[in-house]
Amino acid sequence: MEAVTVVWTAAGVGMALVYWFVWVMGAAEVKGKRAVDLKMGSITNDKVKDKYTQYWSFFRRPKETATTEASAEKVPAFVDTFYNLVTDIYEWGWGQSFHFSPSLPGHSHREATRVHEERVSDLLGAKPGHRILDVGCGVGGPMRAIAAHSGSHVVGITINEYQVNRARAHNRKAGLDSRCEVVCGNFLSMPFAVDSFDGAYSIEATCHAPRLQDVYGEVFRVLKPGGLYVSYEWVTTSIYRADNPEHVEAIHGIERGDALPGLRRQDEIASMAKEVGFEVLKELDLALPPALPWWTRLKMGRLAYWRNSLVVRVLTVLRIAPKGVCEVHEMLYETAQHLTRGGETGIFTPMHMVLLRKPAAAESK
Ligand SMILES: C=C(CC[C@@H](C)[C@H]1CC[C@H]2C3=CC[C@H]4[C@H](C)[C@@H](O)CC[C@]4(C)[C@H]3CC[C@]12C)C(C)C
Ligand SMILES: C[S@@+](CC[C@H](N)C(=O)[O-])C[C@H]1O[C@@H](n2cnc3c(N)ncnc32)[C@H](O)[C@@H]1O
């Protein structure tokens, strides 16, 4: 074979491989976005590395972040940076719902996700005519599932403007924009009137609040008297031992890689809810048997992670994805190991469910 032919053949094979990795394999989740569209939220390409470094130095010691008042105040801004960095990677590799669900044998991840979301809707008794609040709504996967399942009107709030735009675009595409609204704001001080919602929920979002009472207090304020609130909380369980270095390493890893100002203990949640005035109707760790492990979805993807790292690297070299994406992706990969360890050892659950009620006789503040 002539040298020219060899060069052209090699180039052709190379191009085909890039095409296969980026376009065919690049969309890890059927409904996720494509690898070629990976952006870092509203951060401009030249600022991605700096923002990532700032994020990392802030969340390196999560417990300190929660305990000093001055740094606790900065948490929402760093959480916003975090979601600029990870939102597209989450959508690409996980889908439009940014949470875990117990596995369901014989069912896809998407179905397990939907069941976990519809459970919220059923616990709230959401129905047509109800105005329901989604506290920390992400790009709106749960909001659309709950609006479709219950016929209710859902208003979501997220601190991240990039997510607001993504969520609104998804709502339009799903034909649910007349019943799904998205607002950019801080759930520690919400731009909603007193007694203005029939129900509220938060799925794996309030763990970003330095003090749970602050976000629960806000939900209490905007709920109508008698209104219900369901929350899926990230917590350490009674198996966690602060004197076990392996436990501490896993929990710190989860906190660092998920923008958390210190995980709370499972047994603290109900009393914090009562502190702001809620009645606690139910409390249950949805990860406990007979539920099947939520972390298998993370574990089973090792090959996918390897492929994704390669895709991200190729895209960065080709300057299709901004510099810094590889570091963020690597951080998420490590976080996945810590989450898996947390699940396997039983020291952590991302689905401690509480069902709360604002008393019917509660006074509006
Ligand atoms: C509730 C929160 C987020 C929970 C999960 C949705 C995300 C936690 C860790 C994320 C991921 C880890 C590994 C990524 C992988 C390396 C990449 O190739 C594809 C995306 C991941 C699977 C990514 C997806 C979302 C998570 C599972 C927190 C922030 C409170
Ligand atoms: C892990 S995501 C979960 C999103 C959504 N509940 C879901 O399950 O798909 C956490 C969400 O909480 C939001 N959030 C975190 N801190 C916030 C704050 N102080 N105010 C408003 N939203 C916040 C993030 O922007 C993000 O949308």
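All ligand and atom numbering here is 1-based and tracks the order in the structure.
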Quick one: are [X] and [Y] in side-chain contact, heavy atoms under 4.5 Å?
| X | Y | answer |
| --- | --- | --- |
| Val75 | Pro261 | yes |
| Arg265 | Val235 | no |
| Met331 | Leu85 | no |
| Tyr240 | Leu263 | no |

So if I count the atoms of ligand 2 from 1 in the order they appear, which ones are less than 4.0 Å from some heavy atom of [X]?
| X | answer |
| --- | --- |
| Val79 | 15 (C), 16 (N) |
| Gly185 | 20 (N), 21 (C) |
| Gln163 | 24 (C), 25 (O), 26 (C), 27 (O) |
| Ser97 | 9 (O) |
| Ala205 | 10 (C), 11 (C), 12 (O) |
| Pro142 | 7 (C), 8 (O), 9 (O) |
| Phe187 | 14 (N), 15 (C), 16 (N), 17 (C), 18 (C), 19 (N), 20 (N), 21 (C), 22 (N), 23 (C) |
| Gly138 | 4 (C), 5 (C), 27 (O) |

Check your understanding: Side chain, backbone, both or neither: which part of Thr335 comes within less than 4.0 Å of ligand 1 when only heavy atoms are counted?
Key -> neither
Revision key, fill the gap. Counting heavy atoms under 4.0 Å, the part of Tyr83 that contacts ligand 1 is side chain
Identity and distance of the protein heavy atom lying nearest [atom]:
| atom | result |
| --- | --- |
| atom 8 (O) of ligand 2 | His99 CD2, 3.1 Å |
| atom 19 (N) of ligand 2 | Asn186 OD1, 2.9 Å |
| atom 25 (O) of ligand 2 | Thr158 OG1, 2.8 Å |

For ligand 1, which atoms, with element, lie under 4.0 Å from some heavy atom of [X]?
| X | value |
| --- | --- |
| Gly93 | 19 (C), 20 (C) |
| Leu298 | 27 (C) |
| Cys207 | 30 (C) |
| His99 | 6 (C) |
| Asn308 | 17 (C), 18 (O), 19 (C) |
| Leu339 | 8 (C), 9 (C) |
| Glu204 | 1 (C), 30 (C) |

For ligand 2, is any non-hydrogen atom under 4.0 Å from [X]'s backbone (N, CA, C, O), its side chain (CB onward), both, or neither?
| X | answer |
| --- | --- |
| Tyr83 | side chain |
| Glu204 | backbone |
| Ser202 | neither |
| Ile203 | both |

Practice item. Could you check His247 against Phe348 for ring pair (Phe, Tyr, Trp, His ring centres under 6.0 Å), going step by step and ending with a plain yes or no? Key: CA-CA 9 Å; His247 287 187; Phe348 163 78; over 10 Å; no
Revision key, fill the gap. Given the options Lys358, Lys224, Arg131, Asp198 meets salt bridge (charged side-chain N to carboxylate O under 4.0 Å, His left out) only with Lys224
Any side-chain donor-acceptor pair under 3.5 Å between [X] and [Y]?
| X | Y | value |
| --- | --- | --- |
| Glu181 | His153 | yes |
| Ser97 | Glu117 | yes |
| Glu91 | His170 | yes |
| Ser103 | Thr296 | yes |
| His338 | Glu255 | no |

Point to revise | Audit row: Phe100, Trp94, ring pair (Phe, Tyr, Trp, His ring centres under 6.0 Å) steps and yes/no | key: CA-CA 10 Å; Phe100 295 103; Trp94 201 254; 5.6 Å; yes
Review point. So, is the end of the Arg341 side chain (NZ or CZ) under 6.0 Å from the ring centre of Trp295 and within 45° of the ring's axis?
Key: no
Check your understanding: What do you reckon, are the aromatic ring centroids of His208 and Tyr83 less than 6.0 Å apart?
Key -> yes
Practice item. Starting at SG of Cys137, measure out to CZ of Phe187 and round the result to the nearest 0.5 Å. Key: 11.0 Å
Exercise for review: Using heavy-atom distances, let me know which of Cys184, Gly136, Ser189, Ser101 sits nearest atom 5 (C) of ligand 2.
Suggested key: Gly136
Exercise for review: For the pair Arg264 and Glu233, find out whether any cationic side-chain nitrogen is under 4.0 Å from an anionic carboxylate oxygen.
Suggested key: no
**Study point:** N/O separation below 3.5 Å, His329 to ligand 1
**Key:** yes
Point to revise | Contact with ligand 2 for Gly141, non-hydrogen, under 4.0 angstrom | key: no
